[in-house]
A.B. asks: 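Please find one structure pasted underneath; my questions will follow.
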Amino acid sequence: MINTGDTAFMMVCAALVFIMTPGLAFFYGGLVSRKNVLTIMMQSFISMGVVTILWFVIGFSLTFGPDVHGLIGGLKYMFLHGVGMEANPDYGGTIPFMSFFSYQQMFAILTPALITGAFADRVNFKSYLVFLILWSLLIYIPLAHWVWGGGFLQQMGVVDFAGGIVVHASAGLAALASVFFVGKRTVVSKVEMEPHNVTHVALGTALLWFGWFGFNAGGALSANSLAATAFINTDLGASAAMVTWLIISWIHEKTPSFVGVLTGAVAGLATITPGAGFVKPWAAIIIGVVAGIVCYGAVQLRKKLDWDDALDVWGVHGVGGIIGTILLGIFAAKDVNGVSGLIEGDVHQFGVQLFGTLLASAYAFVITMLILKVVNKFLPVRVTPEEERIGLDASLHHEEAYHL
């Protein structure tokens with residue numbers, strides 16, 4: 001039976017997740033040089049159009065359609081056939097199936113956009129459009145089915161409340177693959193490696209954090225105590241990671257960095273996501289502290305290894321999603337704030353989470369590399385040295401962000 005309160009709640013959550021993609025555009029846009037800001041923002045915004053159409057035509061059906069051998073969904077829901085105002089008991093028994101479609105659509109939009117921060121300043125827009133479609137079809141959709149749509153990982157007992165594996169680990173490992181394939185930027189000056197507008201980074205972080213409440217709380221698919229738990233755990237995880245990152249970076253770099261604080265918050269948000277509704281608030285704080293330590297360490301390791309992950313997608317989203325999903329196997333509580341019957345952290349659950357995370361991460365890395373190789377056979381993935389020198393805004397789009 002449809003519950004109007006639950007329906008309204010899920011519509012708000014879907015809208016909150018939607019605002020995360022423009023938020024990501026500002027976050028990434030502020031971090032790059034001024035001659036590439038429009039390019040990276042457009043890479044986020046175009047996902048809102050392309051992936052929405054793809055999701056309507058076939059993406060939702062392949063993800064949540066009837067399971068086919070644990071690997072992919074069937075074609076039952078193509079073009080929203082059979083997706084209406086009645087509830088589907090498997091995906092929110094008190095909300096219209098259409099509301100579930102909308103909520104999940106926003107995840108599908110955001111995830112490939114996350115990858116763009118890794119190859120900032122050096123990828124051809126035409127190639128990116130092809131990559132966006134292929135990556136959604138071959139990586140996001142299968143992973144989402146495996147974990148959320150009745151696929152083999154879900155059948156094994158792997159859990160992911162709101163996207164540690166499906167969103168963050170997959171995007172982070174895809175980012176790392178793209179860094180290895182595309183290669184390092186041709187740096188003209190040190191100034192061009194610095195964030196050109198930290199206020200945009202702050203605005204983007206604010207929008208991401210704001211949207212993340214819907215991203216995680218909506219995983220309950222109902223306006224209930226489980227959603228309330230996910231909501232507060234989201235805030236606690238992000239806050240703990242932010243403060244931890246500040247302390248560590250201040251000691252290590254001898255100065256309190258605003259960009260560092262903002263990055264730490266995003267790392268905490270990514271890390272608490274898979275367990276947001278499954279752990280108690282005190283555990284969310286521990287997970288946030290671990291996120292601050294490990295993700296900061298991953299960023300430093302990336303620098304030492306000289307990987308040109310421009311905006312640290314692997315170190316923040318990839319590593320955060322992985323450790324958050326694995327820690328879920330330790331800290332999950334069977335009874336969370338009066339919600340009983342949930343999973344419980346133990347040796348078995350830890351092993352299941354570890355296996356699922358590593359398998360999905362390896363799959364995302366390998367298939368991303370193959371996609372890039374295939375695309376590059378037909379369209380050059382990387383821009384020319386001259387286009388990179390001029391800047392992608394002017395050379396590819398003939399536009400400028402600033403005229404002063």
Side-chain angles (χ1 to χ4, degrees), residues 55 59-74 76-77 88-92 100 103-104 107-108 110-112 114 135-174 176-177 215-216 218-221 230 270-279 287 317-332 334 341-368 370-371:
W55 196 245
F60 180 75
S61 188
L62 291 176
T63 305
F64 296 103
D67 178 61
V68 180
H69 306 301
L71 298 176
I72 200 68
K76 181 178 180 180
Y77 302 130
N88 183 316
D90 293 327
Y91 303 113
F100 180 78
Y103 175 67
Q104 288 293 336
F107 283 73
L110 175 66
T111 306
L114 290 172
W135 195 89
S136 297
L137 285 170
L138 299 179
I139 298 178
Y140 180 82
I141 287 169
L143 284 180
H145 179 76
W146 296 354
V147 177
W148 290 335
F152 74 96
L153 289 181
Q154 189 174 41
Q155 294 170 23
M156 286 178 54
V158 174
V159 293
D160 181 358
F161 193 78
I165 292 176
V166 178
V167 177
H168 299 290
S170 69
L173 270 295
L176 189 60
F215 191 89
N216 286 352
L221 301 180
T271 307
I272 192 57
T273 289
F278 295 132
V279 303
I287 291 171
H317 294 279
V319 173
I322 288 170
I323 63 174
T325 307
I326 294 172
L327 288 175
L328 164 58
I330 299 173
F331 291 110
K334 196 168 186 179
L342 301 176
I343 64 165
E344 187 170 16
D346 54 25
V347 174
H348 171 74
Q349 192 63 47
F350 176 81
V352 169
Q353 296 299 118
L354 180 63
F355 173 79
T357 304
L358 294 180
L359 176 68
S361 298
Y363 176 82
F365 181 90
V366 172
I367 302 303
T368 298
L370 291 175
I371 290 172

A.B. asks: Nearest heavy-atom pair of G151 and D67: which atoms, and what distance?
C.D. replies: CA-OD1, 3.9 Å

A.B. asks: Would you check if the side chain of D160 reaches a backbone N or O of V166 as a donor-acceptor pair within less than 3.5 Å?
C.D. replies: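 Here the side-chain-to-backbone pair exists.
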
A.B. asks: Please report the shortest heavy-atom distance between A169 and S361, naming the atom on each side.
C.D. replies: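 Heavy atoms of A169 and S361 come nearest at CB-OG, 3.9 Å.
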
A.B. asks: Check residues 352-360 and write down every donor-acceptor pair under 3.5 Å in which the side-chain atom is one partner and the other belongs to a residue at least two apart or another chain.
C.D. replies:
{"unit_1": "Q353", "atom_1": "OE1", "unit_2": "V159", "atom_2": "N", "d": "3.0"}
{"unit_1": "Q353", "atom_1": "OE1", "unit_2": "Q349", "atom_2": "NE2", "d": "2.8"}
{"unit_1": "Q353", "atom_1": "NE2", "unit_2": "V159", "atom_2": "O", "d": "3.0"}
{"unit_1": "Q353", "atom_1": "NE2", "unit_2": "T325", "atom_2": "O", "d": "3.1"}
{"unit_1": "T357", "atom_1": "OG1", "unit_2": "Q353", "atom_2": "O", "d": "2.7"}

A.B. asks: Give the minimum heavy-atom separation between L71 and W146, together with the two atoms involved.
C.D. replies: O-NE1, 2.9 Å

A.B. asks: Just so I know, are the side chains of N88 and F64 near enough to count as touching, which here means a heavy-atom distance under 4.5 Å?
C.D. replies: no

A.B. asks: Check for a donor-acceptor pair, side chain of T271 on one end and backbone N or O of G324 on the other, with a separation under 3.5 Å.
C.D. replies: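 No: the side chain of T271 does not pair with the backbone of G324.
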
A.B. asks: Please find the pair of heavy atoms, one from A270 and one from H168, that lie closest to each other, and give the distance.
C.D. replies: CB-ND1, 3.8 Å

A.B. asks: Measure the OH-CG distance between Y363 and L143 for me, rounded to the nearest 0.5 Å.
C.D. replies: 6.5 Å

A.B. asks: Nearest 0.5 Å please: distance from the CD1 atom of I165 over to the CG atom of L173.
C.D. replies: 11.5 Å

A.B. asks: Starting at OG of S61, measure out to NE2 of H145 and round the result to the nearest 0.5 Å.
C.D. replies: 10.5 Å

A.B. asks: Quick one: are I371 and I139 in side-chain contact, heavy atoms under 4.5 Å?
C.D. replies: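 The answer is yes; the side chains approach within 4.5 Å.
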
A.B. asks: Does the side chain of L176 reach to within under 4.5 Å of the side chain of F365, using non-hydrogen atoms?
C.D. replies: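 Sidechains of F365 and L176: in contact.
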
A.B. asks: Hey, what do you get for OG1 (T273) to CG (L328), rounding to the nearest 0.5 Å?
C.D. replies: 11.5 Å

A.B. asks: Could you go through F107 and V167, starting from their C-alpha distance and side-chain angles, then the distance that decides it, and tell me whether this counts as side-chain contact (heavy atoms from CB on, under 4.5 Å)?
C.D. replies: CA-CA 7 Å; F107 283 73; V167 177; 3.9 Å; yes

A.B. asks: Restricting to side chain to side chain donor-acceptor pair (under 3.5 Å), what partner residues turn up for W55, sequence neighbours left out?
C.D. replies: none

A.B. asks: Let me know which of Y103, Y77, F100, F60 forms a ring pair (Phe, Tyr, Trp, His ring centres under 6.0 Å) with Y91.
C.D. replies: F100

A.B. asks: Got a second to check how far D346's CG is from I330's CD1, nearest 0.5 Å?
C.D. replies: 11.0 Å

A.B. asks: Could you pull out the closest heavy-atom pair between I287 and F331, with the gap in Å?
C.D. replies: CG1-CD1, 4.1 Å

A.B. asks: State whether the side chain of W135 and the backbone N or O of A364 hold a donor-acceptor pair below 3.5 Å, judged by distance alone.
C.D. replies: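 Here the side-chain-to-backbone pair does not exist.
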
A.B. asks: Once rounded to the nearest 0.5 Å, what's the spacing between atom CZ of F278 and atom CD1 of I272?
C.D. replies: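 Reported to 0.5 Å precision, the distance equals 11.5 Å.
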
A.B. asks: Determine the minimum heavy-atom distance between G321 and P274, stating which atoms define it.
C.D. replies: O-CG, 4.3 Å

